[in-house]
Amino acid sequence: MIENHAMQNLPPYLFARIEKKIEEAREKGIDIINLGIGDPDQPTPKNIIDKMAEAIYDPANHQYPSSVGLLAYRQSVADWYKRRFDVELDAKTEVVSLLGSKEGVAHISFCYLNKGDINLVPAPGYPVYGIGTLLAGGESHIMPLKEENNYLPILEDIPSETARQAKLMFINYPNNPTGAVADIRFFSRVIEFARNYDILVCHDAAYTELCYDGFKPPSFLEAPGAKDVGIEINSLSKPYNMTGWRIGWAAGNAAAIEVLGRFKSNVDSGVFQAIQYAGIEALEGPQDSLKRMQELYQERRDIALEGLEKIGLEIAPPKGTFYLWVPVPAGYNSSDFAEAVLEKAHVVITPGLGYGEHGEGYFRITLTVDQSRLAEAFDRIYAAFGSFK
Ligand SMILES: Cc1ncc(COP(=O)(O)O)c(C=O)c1O
(Lines give C-alpha, C1' and ligand atoms only; values in the text may rest on other atoms or scores of the structure.)
Protein backbone atom coordinates (compact mmCIF):
# COMPACT_ATOMS: atom_id res chain seq x y z
CA MET A 1 0.00 0.00 0.00
CA ILE A 2 1.30 3.48 -0.83
CA GLU A 3 1.61 5.97 2.01
CA ASN A 4 -0.06 9.34 1.62
CA HIS A 5 1.46 12.32 -0.16
CA ALA A 6 2.61 14.09 3.01
CA MET A 7 4.28 10.94 4.39
CA GLN A 8 6.15 10.44 1.12
CA ASN A 9 7.67 13.89 1.55
CA LEU A 10 8.49 13.26 5.21
CA PRO A 11 12.25 12.82 5.70
CA PRO A 12 13.55 10.53 8.46
CA TYR A 13 13.89 12.62 11.63
CA LEU A 14 17.31 14.29 11.58
CA PHE A 15 18.58 12.50 14.65
CA ALA A 16 17.36 9.11 13.43
CA ARG A 17 19.89 9.40 10.56
CA ILE A 18 22.68 10.44 12.91
CA GLU A 19 21.83 7.62 15.35
CA LYS A 20 22.27 5.14 12.49
CA LYS A 21 25.80 6.39 11.80
CA ILE A 22 26.68 6.20 15.48
CA GLU A 23 25.37 2.66 15.68
CA GLU A 24 27.51 1.63 12.73
CA ALA A 25 30.63 3.09 14.39
CA ARG A 26 29.81 1.49 17.74
CA GLU A 27 29.35 -1.88 16.05
CA LYS A 28 32.97 -1.54 14.96
CA GLY A 29 33.93 -1.06 18.64
CA ILE A 30 34.70 2.66 18.28
CA ASP A 31 34.29 4.89 21.38
CA ILE A 32 32.09 7.73 20.20
CA ILE A 33 31.56 11.05 22.01
CA ASN A 34 28.11 12.23 21.04
CA LEU A 35 27.70 16.02 20.95
CA GLY A 36 24.70 15.56 18.65
CA ILE A 37 21.28 15.22 20.23
CA GLY A 38 20.08 17.59 22.98
CA ASP A 39 18.98 15.10 25.59
CA PRO A 40 20.00 15.96 29.19
CA ASP A 41 22.40 13.38 30.64
CA GLN A 42 21.55 14.09 34.29
CA PRO A 43 18.76 12.26 36.17
CA THR A 44 15.37 13.75 37.01
CA PRO A 45 15.58 15.38 40.49
CA LYS A 46 14.67 13.06 43.37
CA ASN A 47 11.76 15.14 44.70
CA ILE A 48 10.03 14.74 41.32
CA ILE A 49 10.66 10.98 41.17
CA ASP A 50 9.38 10.60 44.75
CA LYS A 51 6.16 12.44 43.87
CA MET A 52 5.70 10.20 40.84
CA ALA A 53 6.26 7.09 42.98
CA GLU A 54 3.57 8.24 45.39
CA ALA A 55 1.09 9.21 42.67
CA ILE A 56 1.48 6.00 40.70
CA TYR A 57 0.01 3.93 43.57
CA ASP A 58 -3.22 5.94 43.58
CA PRO A 59 -5.76 4.07 41.42
CA ALA A 60 -7.50 7.37 40.65
CA ASN A 61 -4.45 8.18 38.53
CA HIS A 62 -4.73 4.99 36.46
CA GLN A 63 -7.72 6.12 34.44
CA TYR A 64 -7.91 8.31 31.36
CA PRO A 65 -6.69 11.77 32.31
CA SER A 66 -8.55 14.89 31.23
CA SER A 67 -7.19 15.67 27.76
CA VAL A 68 -6.54 19.31 28.64
CA GLY A 69 -4.80 18.42 31.92
CA LEU A 70 -5.68 18.39 35.62
CA LEU A 71 -6.79 21.83 36.78
CA ALA A 72 -4.18 21.49 39.57
CA TYR A 73 -1.43 21.05 36.96
CA ARG A 74 -2.70 23.93 34.84
CA GLN A 75 -2.92 26.10 37.98
CA SER A 76 0.68 25.26 38.87
CA VAL A 77 1.70 26.40 35.35
CA ALA A 78 -0.29 29.65 35.82
CA ASP A 79 1.31 30.22 39.25
CA TRP A 80 4.76 29.58 37.78
CA TYR A 81 4.12 32.21 35.07
CA LYS A 82 3.16 34.70 37.77
CA ARG A 83 6.29 33.95 39.83
CA ARG A 84 8.73 33.69 36.96
CA PHE A 85 7.46 36.35 34.53
CA ASP A 86 4.76 38.28 36.40
CA VAL A 87 2.30 37.09 33.74
CA GLU A 88 -1.33 36.43 34.74
CA LEU A 89 -2.96 33.34 33.23
CA ASP A 90 -6.39 31.85 33.79
CA ALA A 91 -5.60 28.18 34.44
CA LYS A 92 -9.03 27.10 33.18
CA THR A 93 -9.02 28.81 29.80
CA GLU A 94 -5.45 29.87 29.05
CA VAL A 95 -3.41 26.72 29.80
CA VAL A 96 -3.51 23.22 28.28
CA SER A 97 -1.22 20.32 29.17
CA LEU A 98 0.92 18.74 26.43
CA LEU A 99 2.74 15.45 25.96
CA GLY A 100 5.98 17.42 25.77
CA SER A 101 6.32 20.55 23.69
CA LYS A 102 7.02 18.57 20.49
CA GLU A 103 3.43 17.35 20.53
CA GLY A 104 1.96 20.86 20.76
CA VAL A 105 4.38 22.22 18.16
CA ALA A 106 3.32 19.51 15.70
CA HIS A 107 -0.41 19.67 16.43
CA ILE A 108 -0.93 23.43 16.38
CA SER A 109 -0.37 23.29 12.60
CA PHE A 110 -3.29 20.85 12.28
CA CYS A 111 -5.47 23.31 14.19
CA TYR A 112 -4.65 26.40 12.11
CA LEU A 113 -3.55 25.37 8.62
CA ASN A 114 -5.88 24.44 5.81
CA LYS A 115 -4.38 22.91 2.68
CA GLY A 116 -1.97 25.40 1.13
CA ASP A 117 -2.04 27.85 4.05
CA ILE A 118 1.30 29.35 4.99
CA ASN A 119 3.24 28.88 8.20
CA LEU A 120 6.09 31.35 8.81
CA VAL A 121 8.91 29.11 9.98
CA PRO A 122 12.36 30.14 11.19
CA ALA A 123 15.38 28.39 9.72
CA PRO A 124 17.70 27.06 10.89
CA GLY A 125 15.21 25.80 13.45
CA TYR A 126 13.68 22.90 15.31
CA PRO A 127 12.65 20.54 12.48
CA VAL A 128 9.13 19.89 13.81
CA TYR A 129 7.87 23.37 12.81
CA GLY A 130 8.21 22.48 9.14
CA ILE A 131 7.29 18.82 9.55
CA GLY A 132 4.02 19.61 11.37
CA THR A 133 3.22 22.08 8.59
CA LEU A 134 3.92 19.46 5.91
CA LEU A 135 1.78 16.81 7.62
CA ALA A 136 -1.08 19.26 8.06
CA GLY A 137 -0.99 20.06 4.32
CA GLY A 138 0.32 23.59 4.80
CA GLU A 139 3.37 25.27 3.32
CA SER A 140 6.36 26.69 5.16
CA HIS A 141 7.62 30.13 4.28
CA ILE A 142 11.13 30.25 5.66
CA MET A 143 12.25 33.19 7.78
CA PRO A 144 16.06 32.98 7.62
CA LEU A 145 17.91 33.48 10.92
CA LYS A 146 21.25 35.11 10.20
CA GLU A 147 24.20 35.80 12.42
CA GLU A 148 24.32 39.46 11.31
CA ASN A 149 20.73 39.89 12.58
CA ASN A 150 21.47 38.16 15.91
CA TYR A 151 19.48 35.20 14.58
CA LEU A 152 16.21 37.13 14.69
CA PRO A 153 13.92 37.00 11.63
CA ILE A 154 13.55 40.23 9.66
CA LEU A 155 9.78 40.64 9.52
CA GLU A 156 10.00 43.37 6.85
CA ASP A 157 11.52 40.79 4.49
CA ILE A 158 8.31 38.72 4.47
CA PRO A 159 6.42 39.70 1.29
CA SER A 160 3.04 41.19 2.24
CA GLU A 161 1.21 38.77 -0.10
CA THR A 162 2.84 35.86 1.79
CA ALA A 163 1.99 37.43 5.15
CA ARG A 164 -1.64 37.76 4.06
CA GLN A 165 -1.77 34.03 3.29
CA ALA A 166 -0.04 33.08 6.55
CA LYS A 167 -2.07 31.66 9.42
CA LEU A 168 0.75 30.78 11.80
CA MET A 169 4.23 31.90 12.78
CA PHE A 170 6.76 30.02 14.89
CA ILE A 171 9.47 31.72 16.87
CA ASN A 172 11.84 30.14 19.40
CA TYR A 173 14.03 31.96 21.96
CA PRO A 174 16.39 30.99 23.53
CA ASN A 175 16.91 29.43 20.14
CA ASN A 176 17.74 25.93 19.03
CA PRO A 177 20.17 25.59 17.27
CA THR A 178 21.78 29.05 17.41
CA GLY A 179 21.66 29.71 21.17
CA ALA A 180 20.39 33.24 20.38
CA VAL A 181 18.06 35.11 22.74
CA ALA A 182 15.32 37.68 22.13
CA ASP A 183 14.01 40.63 24.10
CA ILE A 184 10.56 42.08 24.70
CA ARG A 185 11.12 44.68 21.96
CA PHE A 186 11.46 41.91 19.39
CA PHE A 187 8.37 40.13 20.75
CA SER A 188 6.44 43.40 20.51
CA ARG A 189 7.39 43.76 16.83
CA VAL A 190 6.15 40.19 16.23
CA ILE A 191 2.86 41.03 17.97
CA GLU A 192 2.31 44.09 15.79
CA PHE A 193 3.05 42.05 12.65
CA ALA A 194 0.70 39.26 13.76
CA ARG A 195 -2.05 41.77 14.49
CA ASN A 196 -1.67 43.39 11.07
CA TYR A 197 -1.94 40.08 9.22
CA ASP A 198 -4.19 38.11 11.59
CA ILE A 199 -1.62 35.40 12.33
CA LEU A 200 -1.37 33.14 15.37
CA VAL A 201 2.12 33.33 16.89
CA CYS A 202 3.47 30.21 18.51
CA HIS A 203 6.50 30.90 20.69
CA ASP A 204 8.45 27.76 21.46
CA ALA A 205 9.95 28.56 24.86
CA ALA A 206 11.51 25.16 25.60
CA TYR A 207 14.80 26.74 26.77
CA THR A 208 13.70 29.71 28.88
CA GLU A 209 15.14 28.08 32.02
CA LEU A 210 18.53 27.15 30.54
CA CYS A 211 20.38 30.43 30.79
CA TYR A 212 23.77 31.73 31.83
CA ASP A 213 25.69 34.64 33.25
CA GLY A 214 22.66 35.79 35.26
CA PHE A 215 20.54 36.34 32.13
CA LYS A 216 16.81 35.51 32.53
CA PRO A 217 15.11 34.95 29.16
CA PRO A 218 11.72 36.68 28.93
CA SER A 219 8.42 35.01 28.06
CA PHE A 220 6.65 36.04 24.86
CA LEU A 221 3.56 36.47 27.07
CA GLU A 222 5.29 39.32 28.94
CA ALA A 223 5.02 41.52 25.86
CA PRO A 224 1.90 43.73 25.87
CA GLY A 225 -0.85 42.25 23.68
CA ALA A 226 0.84 38.83 23.34
CA LYS A 227 -2.23 36.96 24.50
CA ASP A 228 -4.32 38.63 21.78
CA VAL A 229 -2.27 37.00 19.04
CA GLY A 230 -0.34 34.08 20.41
CA ILE A 231 0.53 31.17 22.61
CA GLU A 232 3.71 29.99 24.25
CA ILE A 233 4.70 26.34 24.37
CA ASN A 234 7.02 25.12 27.09
CA SER A 235 8.01 21.89 28.73
CA LEU A 236 9.57 20.31 31.79
CA SER A 237 11.93 18.27 29.58
CA LYS A 238 15.04 20.40 29.66
CA PRO A 239 15.02 22.28 33.00
CA TYR A 240 14.11 19.21 35.06
CA ASN A 241 15.77 16.46 32.98
CA MET A 242 12.37 14.98 32.13
CA THR A 243 12.66 14.38 28.39
CA GLY A 244 11.37 10.81 28.73
CA TRP A 245 8.38 11.76 30.87
CA ARG A 246 6.57 13.69 28.11
CA ILE A 247 5.00 16.66 29.83
CA GLY A 248 4.66 20.29 28.83
CA TRP A 249 2.03 22.94 28.21
CA ALA A 250 0.71 25.61 25.90
CA ALA A 251 -0.44 28.90 27.42
CA GLY A 252 -1.84 32.18 26.20
CA ASN A 253 -4.63 33.07 23.77
CA ALA A 254 -7.79 31.39 25.10
CA ALA A 255 -9.29 30.64 21.68
CA ALA A 256 -6.10 28.91 20.51
CA ILE A 257 -5.80 26.98 23.78
CA GLU A 258 -9.41 25.80 23.41
CA VAL A 259 -8.79 24.64 19.81
CA LEU A 260 -5.60 22.80 20.76
CA GLY A 261 -7.38 21.15 23.70
CA ARG A 262 -10.25 20.10 21.42
CA PHE A 263 -7.78 18.64 18.92
CA LYS A 264 -6.01 16.74 21.70
CA SER A 265 -9.26 15.37 23.11
CA ASN A 266 -9.74 13.67 19.74
CA VAL A 267 -6.20 12.42 19.35
CA ASP A 268 -4.22 11.67 22.51
CA SER A 269 -6.37 11.89 25.67
CA GLY A 270 -3.76 13.82 27.66
CA VAL A 271 -0.85 13.22 30.03
CA PHE A 272 -0.79 10.31 32.54
CA GLN A 273 -2.03 11.88 35.79
CA ALA A 274 0.83 10.61 37.95
CA ILE A 275 3.19 12.47 35.60
CA GLN A 276 1.09 15.62 35.97
CA TYR A 277 1.49 15.41 39.77
CA ALA A 278 5.24 14.99 39.24
CA GLY A 279 5.07 18.06 36.97
CA ILE A 280 3.40 20.08 39.75
CA GLU A 281 6.25 19.04 42.05
CA ALA A 282 8.80 20.14 39.43
CA LEU A 283 7.24 23.60 39.17
CA GLU A 284 6.36 24.13 42.84
CA GLY A 285 9.00 22.10 44.68
CA PRO A 286 12.56 23.13 45.57
CA GLN A 287 14.38 24.72 42.65
CA ASP A 288 17.94 24.05 43.80
CA SER A 289 18.36 21.28 41.20
CA LEU A 290 17.51 23.75 38.42
CA LYS A 291 20.12 26.16 39.73
CA ARG A 292 22.67 23.32 39.77
CA MET A 293 21.76 22.40 36.17
CA GLN A 294 22.26 26.00 35.05
CA GLU A 295 25.67 26.06 36.75
CA LEU A 296 26.62 22.70 35.26
CA TYR A 297 25.72 23.74 31.70
CA GLN A 298 27.49 27.06 32.15
CA GLU A 299 30.64 25.20 33.25
CA ARG A 300 30.34 22.93 30.21
CA ARG A 301 29.68 25.89 27.92
CA ASP A 302 32.91 27.47 29.11
CA ILE A 303 34.84 24.20 28.58
CA ALA A 304 33.42 24.01 25.05
CA LEU A 305 34.29 27.66 24.33
CA GLU A 306 37.86 26.96 25.46
CA GLY A 307 37.94 23.82 23.32
CA LEU A 308 36.69 25.77 20.32
CA GLU A 309 39.36 28.39 20.86
CA LYS A 310 41.98 25.64 20.94
CA ILE A 311 40.86 24.36 17.53
CA GLY A 312 40.73 27.90 16.17
CA LEU A 313 36.93 28.28 15.98
CA GLU A 314 35.80 31.10 18.25
CA ILE A 315 32.21 32.20 18.90
CA ALA A 316 30.49 34.62 21.28
CA PRO A 317 29.28 32.86 24.47
CA PRO A 318 25.58 31.99 24.13
CA LYS A 319 23.34 33.24 26.96
CA GLY A 320 20.87 30.39 26.73
CA THR A 321 20.19 26.78 25.61
CA PHE A 322 22.71 23.96 25.81
CA TYR A 323 23.81 24.42 22.21
CA LEU A 324 26.76 26.10 20.53
CA TRP A 325 26.32 27.11 16.89
CA VAL A 326 29.69 27.32 15.24
CA PRO A 327 30.83 28.27 11.72
CA VAL A 328 32.51 25.33 9.96
CA PRO A 329 36.19 25.82 9.12
CA ALA A 330 37.11 27.13 5.67
CA GLY A 331 37.18 24.48 2.96
CA TYR A 332 34.36 22.34 4.38
CA ASN A 333 30.62 22.26 4.07
CA SER A 334 28.74 21.24 7.22
CA SER A 335 28.10 17.62 6.16
CA ASP A 336 31.72 17.01 5.07
CA PHE A 337 32.94 18.50 8.32
CA ALA A 338 30.59 16.45 10.52
CA GLU A 339 31.60 13.32 8.64
CA ALA A 340 35.33 14.09 8.92
CA VAL A 341 35.01 14.78 12.67
CA LEU A 342 33.13 11.51 13.17
CA GLU A 343 35.64 9.53 11.12
CA LYS A 344 38.87 11.05 12.41
CA ALA A 345 38.00 12.14 15.97
CA HIS A 346 35.04 9.83 16.68
CA VAL A 347 33.00 12.81 17.83
CA VAL A 348 29.42 13.40 16.69
CA ILE A 349 28.45 16.97 15.84
CA THR A 350 25.26 18.01 14.05
CA PRO A 351 25.79 19.46 10.56
CA GLY A 352 23.93 22.73 10.12
CA LEU A 353 22.46 21.49 6.84
CA GLY A 354 20.32 19.14 8.96
CA TYR A 355 18.38 22.30 9.89
CA GLY A 356 17.80 23.18 6.24
CA GLU A 357 19.83 25.18 3.73
CA HIS A 358 20.01 28.19 6.08
CA GLY A 359 21.98 26.06 8.53
CA GLU A 360 24.69 25.37 5.97
CA GLY A 361 28.09 26.73 6.98
CA TYR A 362 27.56 25.90 10.67
CA PHE A 363 27.57 22.94 13.02
CA ARG A 364 25.89 22.48 16.38
CA ILE A 365 27.38 20.97 19.50
CA THR A 366 25.38 20.02 22.56
CA LEU A 367 26.50 20.32 26.17
CA THR A 368 24.81 17.13 27.37
CA VAL A 369 27.95 15.07 28.03
CA ASP A 370 30.06 15.30 31.15
CA GLN A 371 32.86 17.80 31.45
CA SER A 372 35.78 15.38 30.96
CA ARG A 373 34.22 13.84 27.81
CA LEU A 374 33.46 17.30 26.47
CA ALA A 375 37.07 18.40 26.97
CA GLU A 376 38.25 15.10 25.44
CA ALA A 377 36.07 15.71 22.37
CA PHE A 378 38.01 18.91 21.61
CA ASP A 379 41.35 17.22 22.41
CA ARG A 380 40.46 14.53 19.88
CA ILE A 381 39.47 17.08 17.23
CA TYR A 382 42.71 18.99 17.88
CA ALA A 383 44.76 15.79 17.66
CA ALA A 384 43.08 14.89 14.36
CA PHE A 385 43.01 18.30 12.67
CA GLY A 386 45.17 20.76 14.67
CA SER A 387 43.98 24.38 14.69
CA PHE A 388 41.70 25.51 11.87
CA LYS A 389 42.90 29.09 12.19
C1 LIG B 1 13.25 24.12 20.26
C2 LIG B 1 12.66 22.87 20.79
N3 LIG B 1 11.36 22.80 20.98
C4 LIG B 1 10.76 21.70 21.44
C5 LIG B 1 11.51 20.57 21.77
C6 LIG B 1 10.79 19.35 22.24
O7 LIG B 1 10.97 19.09 23.57
P8 LIG B 1 9.91 18.24 24.40
O9 LIG B 1 8.93 17.65 23.43
O10 LIG B 1 10.72 17.20 25.08
O11 LIG B 1 9.27 19.20 25.32
C12 LIG B 1 12.89 20.59 21.59
C13 LIG B 1 13.69 19.40 21.89
O14 LIG B 1 14.85 19.28 21.61
C15 LIG B 1 13.48 21.77 21.09
O16 LIG B 1 14.79 21.85 20.88
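In listed order, ligands and their atoms are each counted from 1.
- Heavy-atom contacts of Tyr207 reach the following atoms of ligand 1: 1 (C), 2 (C), 13 (C), 14 (O), 15 (C), 16 (O) (cutoff under 4.0 Å).
- Under a 4.0 Å criterion applied to the non-hydrogen atoms of Arg246, ligand 1 contributes the atoms 8 (P), 9 (O), 10 (O).
- Using a 4.0 Å cut-off to heavy atoms of Gly100, the atoms of ligand 1 that qualify are 9 (O), 11 (O).
- Residue contacts with ligand 1, taken as heavy atom pairs separated by less than 4.0 Å, involve Asp204 solely via side-chain atoms from C-beta onward.
- Of all atoms in ligand 1, listed by their number and element, those nearer than 4.0 Å to a heavy atom of Ser101 are 4 (C), 5 (C), 6 (C), 7 (O), 8 (P), 9 (O), 11 (O).
- Residue contacts with ligand 1 leave out Thr243, since none of its heavy atoms falls under 4.0 Å from the ligand.
- Using a 4.0 Å cutoff on heavy atoms, Glu103 does not count as a contact of ligand 1.
- Between Asn176 and ligand 1, a contact under 3.5 Å exists for at least one N or O pair.
- Not one N or O of Asn172 is nearer than 3.5 Å to an N or O of ligand 1, by distance alone.
- Judged by the shortest distance from any of its heavy atoms, Met242 lies outside the 4.0 Å radius around the atoms of ligand 1.
- Aromatic ring centres of Phe378 and Tyr382: separated by at least 6.0 Å.
- Checked against the 6.0 Å centroid threshold, Tyr173 and Phe220 do not count as a close aromatic pair.
- Taking only non-hydrogen atoms, the option from Gly248, Ala205, Gly125, Ser237 nearest to atom 10 (O) of ligand 1 is Ser237.
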